[in-house]
Amino acid sequence: MSRINMDPILTLSDGSYLVVSTVPSKEGHFCCALYHVRGSGHDGAAFQVLSNHVSAETCLYAQQYAYTYALGLYPSAGLQLKKPPYLIWSGPRL
């Protein structure tokens with residue numbers, strides 16, 4: 001997934017971020033993935049995948065699944081965790 005469509009949803013105590021990425025699939029569904037990002041800027045950042053690519057029939061459903069998964073990973077961050085909707089990038093125009 002492209003970094004263009006990553007939306008930070010939580011800043012962790014060590015300064016790292018939890019981000020969600022949403023893209024449409026070719027089958028007409030939407031896919032979300034959660035990443036843990038350490039470091040600043042795109043050049044020095046390290047990305048760790050935290051979830052499989054969650055797929056759903058609508059963008060909002062996929063993002064709600066990702067949000068619920070993030071709550072499971074960080075249950076004490078419920079009030080700080082950004083709720084959907086998140087950024088979505090439809091890809092390059094051809």
Side-chain angles (χ1 to χ4, degrees):
M1 293 198 174
S2 172
R3 294 181 193 179
I4 292 172
N5 67 329
M6 289 191 169
D7 195 0
I9 61 172
L10 179 65
T11 302
L12 301 169
S13 60
D14 65 357
S16 62
Y17 297 93
L18 181 65
V19 299
V20 64
S21 179
T22 308
V23 294
S25 70
K26 293 182 181 186
E27 295 80 31
H29 288 81
F30 290 84
C31 297
C32 285
L34 290 172
Y35 296 88
H36 182 211
V37 181
R38 293 184 179 150
S40 60
H42 284 66
D43 295 335
F47 292 82
Q48 176 187 6
V49 177
L50 297 178
S51 72
N52 292 330
H53 292 36
V54 178
S55 179
E57 291 181 7
T58 69
C59 179
L60 188 57
Y61 284 158
Q63 291 179 349
Q64 287 172 336
Y65 292 144
Y67 175 80
T68 301
Y69 191 87
L71 275 177
L73 292 174
Y74 301 97
S76 62
L79 295 175
Q80 300 164 347
L81 193 61
K82 180 180 173 185
K83 294 180 180 176
Y86 306 125
L87 292 175
I88 181 166
W89 184 60
S90 59
R93 294 183 185 201
L94 302 174

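Following chains of ILVMFWY side-chain contacts shorter than 4.5 Å, one can reach V19 starting from V49, so the two form part of one hydrophobic cluster. Hydrophobic clustering (ILVMFWY, side-chain heavy atoms < 4.5 Å, transitive): L87 and V20 are in distinct clusters.
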Under 3.5 Å, sequence neighbours excluded: what are the donor-acceptor pairs made by side chains of residues 8-17?
unit_1: D14; atom_1: OD1; unit_2: S16; atom_2: N; d: 2.9
unit_1: D14; atom_1: OD1; unit_2: S16; atom_2: OG; d: 2.5
unit_1: D14; atom_1: OD2; unit_2: S16; atom_2: OG; d: 3.4
unit_1: S16; atom_1: OG; unit_2: H36; atom_2: NE2; d: 2.7

Return a table of donor-acceptor pairs under 3.5 angstrom between the side chains of residues 62-71 and protein atoms on other chains or two or more places apart.
unit_1: Q63; atom_1: OE1; unit_2: Y86; atom_2: N; d: 2.9
unit_1: Q63; atom_1: NE2; unit_2: T22; atom_2: OG1; d: 3.1
unit_1: Q63; atom_1: NE2; unit_2: Y86; atom_2: O; d: 3.2
unit_1: T68; atom_1: OG1; unit_2: Q64; atom_2: O; d: 3.0
unit_1: Y69; atom_1: OH; unit_2: L50; atom_2: O; d: 3.3

Between Q80 and Y74, is the side-chain contact (heavy atoms from CB on, under 4.5 Å) condition met? List the steps. CA-CA 10 Å; Q80 300 164 347; Y74 301 97; over 6 Å; no
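Listed by chain and number, the residues in a side-chain hydrogen bond (donor to acceptor under 3.5 Å, both in side chains) with T58 amount to none (sequence neighbours excluded).
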